[in-house]
Amino acid sequence: MLPTPQPPPAIRRPRNPSAPPPPSSSSPSDGAEDPQPDIPISWPPDGQLSSEWVHRLIATFDWSSRNVAPSQFYSVLPVPVFDALVLAASKLLHKEPNCVSIGGLSPDSTVVVVGDVHGQLHDVLLLFREAGFPSENRYFVFNGDYVDRGAWGLETFLVLLAWKVFMPHRVFLLRGNHESKYCTSVYGFEKEVLAKYGDKGKHAYRKCLGCFEGLPLASIIAGHVYTAHGGLFRGNPAIPTLPKRSKPLGSLDELAKARRSVLDPPWEGQNLIPGDVLWSDPTMKPGLSPNKERGIGLLWGPDCTESFLKRFQLKLIIRSHEGPDAREKRPGLGNMDEGYTIDHVTESGKLITLFSAPDYPQFQATEERYKNKGAYIVLRPPNFDEPEFHSFDAVTPRPQVNPYYDFEDVIDSDEDLDLASMANND
């Protein structure tokens, strides 16, 4: 077995002076002295979002998370405004290809890549303040898993949708495995939406599911970097299980033709690419094999990483999908203490796992918390293929809130899934 590659230390660059000052990561306001924003939030009369509107949404959600009971959330963002935002975002997302190409980058552009955030709103806002908000020269690519486990998945998702609507060619939202009907019914997001919108909760949840179906699966940045939530995928024609002689990796053309508009990506049949892209994991064992622990997707080795990079003339694969709890069970791969790991180093480039939810999960049944850091990656010119790692600590203390799922009994790391239930949900 190859030795586990050791990640380089994360670095800190001076904060962009144009960005708002970051909140303290150790002692945010408890809300007692926060001025109340003007609520409810209204939709712009012309239907055009502005930077001021998005920042007001952010400030209002931050305030309401500390001062408004979840059952009163509808008084902060009324259903008609929710509908307008989700509809505007859905129209954009459904028009995007399965694999979005992020090109035409200028010499003063940067691209920020973000991993799982899982409803940890305050940590997402801290990340924005550290990395800088989206702008004409600052692109963002999010690798999915915006919801579930954390208590503010709805606010987190809506903030990211607002950025997408305001800057559709600078903010790219990819799908994670938790943007599905099955996962959100198990890990809290469905109950969260029902709690926050009451008798309109089912309506709001259905709108979110429809938006999830439109999220692209992957991105190619500057022709050199492939990003996706889980990672690599098998070729077509797809078969339910892999034979002893592993089926070859799929191509970007096959990825482009996959049918992503499914509530729950299938684990069997002819449309396996979405499930592979969202659920697969790397391993140090060569070849492709079934991902038996998760019950869906693949495991792929360093040889597959090299083959994919070389075939498509790439330098980096940046994927997410594995937090500290998952990596605890993955021998041969690094832990997620710093929010990222370099899993494969090959002749053509590297495979990186990026996780952006610090102190994850928000609700932990173990006696000792993982206390992991979150991380994001900055890609800079000229080639945008040298990852610059930035680790950060969680905002503490978090506002007091009850979980929306039974975190003491629910399955960790999305393993041993009820596949029959997933099939019935589609």
Side-chain angles (χ1 to χ4, degrees), residues 2-13 25 110-118 120 123-124 126-128 130-132 139-146 149-150 172 174 176-178 218-219 221 224-232 278 280-284 300 302 305 308-309 314-346 349-361 369-380 384-395 413:
L2 296 174
T4 301
Q6 295 301 310
I11 66 173
R12 296 280 189 185
R13 285 185 175 267
S25 61
T110 58
V111 181
V112 181
V113 185
V114 182
D116 301 38
V117 295
H118 280 296
Q120 296 182 192
D123 300 319
V124 173
L126 175 61
L127 184 157
F128 273 132
E130 283 205 359
Y139 295 65
F140 273 82
V141 178
F142 292 85
N143 266 356
D145 275 16
Y146 313 112
R149 290 201 172 97
F172 298 90
L174 307 184
N177 65 299
H178 278 264
S219 79
I221 302 170
H224 297 293
V225 182
Y226 169 84
T227 86
H229 183 70
L232 302 189
L278 300 184
S280 295
D281 296 299
T283 180
M284 298 308 294
W300 83 90
T305 293
F308 191 82
L309 292 172
L314 301 167
K315 297 295 183 182
L316 285 178
I317 298 170
I318 304 176
R319 48 88 62 176
S320 300
H321 193 38
E322 291 184 286
D325 53 342
R327 276 300 169 94
E328 205 173 42
K329 306 169 185 177
R330 302 292 309 285
L333 294 174
N335 61 43
M336 205 50 63
D337 290 351
E338 295 298 316
Y340 68 95
T341 58
I342 299 175
D343 300 321
H344 298 162
V345 178
T346 73
K350 298 174 182 176
L351 167 71
I352 295 167
T353 295
L354 178 67
F355 196 78
S356 302
D359 192 26
Y360 171 87
R369 300 186 67 84
Y370 290 104
K371 297 181 180 179
N372 64 292
K373 294 182 179 182
Y376 59 92
I377 287 173
V378 178
L379 302 173
R380 299 183 184 275
F384 299 90
D385 58 5
E386 292 291 336
E388 181 182 290
F389 299 96
H390 295 257
S391 295
F392 62 97
D393 293 310
V395 172
S413 306

Does the pair Leu127 and Val114 meet the rule for a side-chain contact (heavy atoms from CB on, under 4.5 Å), with working shown?
CA-CA 9 Å; Leu127 184 157; Val114 182; 3.9 Å; yes
Tested for side-chain contact (heavy atoms from CB on, under 4.5 Å) against Ile352, the lone hit among Val225, Ile317, Thr227, Ile342 is Ile342
Set of salt bridge (charged side-chain N to carboxylate O under 4.0 Å, His left out) partners for Asp385, sequence neighbours left out
none
For Thr341 and Asn335, indicate whether the former's side chain and the latter's backbone hold a donor-acceptor pair under 3.5 Å.
no
Could you give me the CA-CA distance, side-chain angles and deciding distance for His224 and Leu314, then say whether side-chain contact (heavy atoms from CB on, under 4.5 Å) is met?
CA-CA 4 Å; His224 297 293; Leu314 301 167; 5.5 Å; no
Value rounded to 0.5 Å, distance of NZ in Lys350 from CG in Leu316
7.5 Å
Is a side-chain donor or acceptor of Asn372 paired with a backbone partner of Asp359 at a separation under 3.5 angstrom?
yes
Please name the pair of heavy atoms, one in Ala375 and one in Ser356, separated by the smallest distance, quoted to 0.1 Å.
O-OG, 2.6 Å
What are the two closest non-hydrogen atoms of Leu174 and Ala228, and how far apart are they?
CD1-CA, 4.3 Å
Check: Pro358 main-chain N/O paired with Gln120 side-chain donor or acceptor under 3.5 Å:
yes
So which heavy atom on Glu322 is nearest to which on Thr353, and how close?
O-CG2, 4.2 Å
At what distance, to the nearest 0.5 angstrom, does CG of Leu351 lie from CG of Asp343?
5.0 Å
Roughly how far, to the nearest 0.5 Å, is CG of Asp281 from CH2 of Trp300?
7.0 Å
Would Asn177 and His229 count as having a side-chain donor-acceptor pair, cut-off 3.5 Å?
yes
Check this for me: does any side-chain nitrogen of one of Arg380 and Glu386 sit under 4.0 Å from a carboxylate oxygen of the other?
no
Closest non-hydrogen atom pair, Gly132 against Phe140:
O-CZ, 3.0 Å
Could you tell me which non-hydrogen atom of Pro282 sits nearest to which non-hydrogen atom of Leu333, and how far apart they are?
O-CD1, 3.5 Å
Determine whether His321 and Phe355 make a side-chain contact, defined as any pair of heavy atoms from C-beta on separated by less than 4.5 Å.
no
Donor-acceptor side-chain pairing of Tyr226 and Arg319 below 3.5 angstrom:
no
Rounded to the nearest 0.5 Å, the CD1 atom of Ile221 sits from the CZ atom of Phe384 at a distance of 9.5 Å
Could you verify whether a donor N or O on one side chain and an acceptor N or O on the other, from Thr305 and Thr346, lie under 3.5 Å apart?
no
May I ask you to decide if Lys373's main-chain N or O and Ser391's side chain share a donor-acceptor pair within less than 3.5 Å?
no
Is the Tyr360-His118 ring centre distance short of 6.0 angstrom?
yes
Please round to the nearest 0.5 Å and tell me the distance separating atom CZ of Arg330 and atom CE of Met336.
10.0 Å
Determine yes or no for a side-chain-to-main-chain donor-acceptor pair under 3.5 angstrom, with His344 supplying the side chain and Thr283 the backbone.
yes
Tell me if a side-chain donor or acceptor on Arg327 pairs with a main-chain N or O of Gly334 at a distance below 3.5 Å.
yes
Within the distance-only criterion (no hydrogens, no angle test), does the side chain of Asn143 pair as donor or acceptor with the backbone N or O of Ile318 below 3.5 angstrom?
yes
From CA spacing to verdict: side-chain contact (heavy atoms from CB on, under 4.5 Å), Ile377, Val112
CA-CA 6 Å; Ile377 287 173; Val112 181; over 6 Å; no
Is the centre of the Tyr376 ring less than 6.0 Å from the centre of the Phe389 ring?
no
To the nearest 0.5 Å, how far apart are NZ in Lys371 and CG in Asp337?
12.0 Å
What closest approach, in Å, do Tyr146 and Phe142 show between heavy atoms, and which atom pair accounts for it?
OH-O, 3.4 Å
Verify side-chain contact (heavy atoms from CB on, under 4.5 Å) between Val113 and Leu379, making sure each step is shown before the conclusion.
CA-CA 8 Å; Val113 185; Leu379 302 173; 4.1 Å; yes
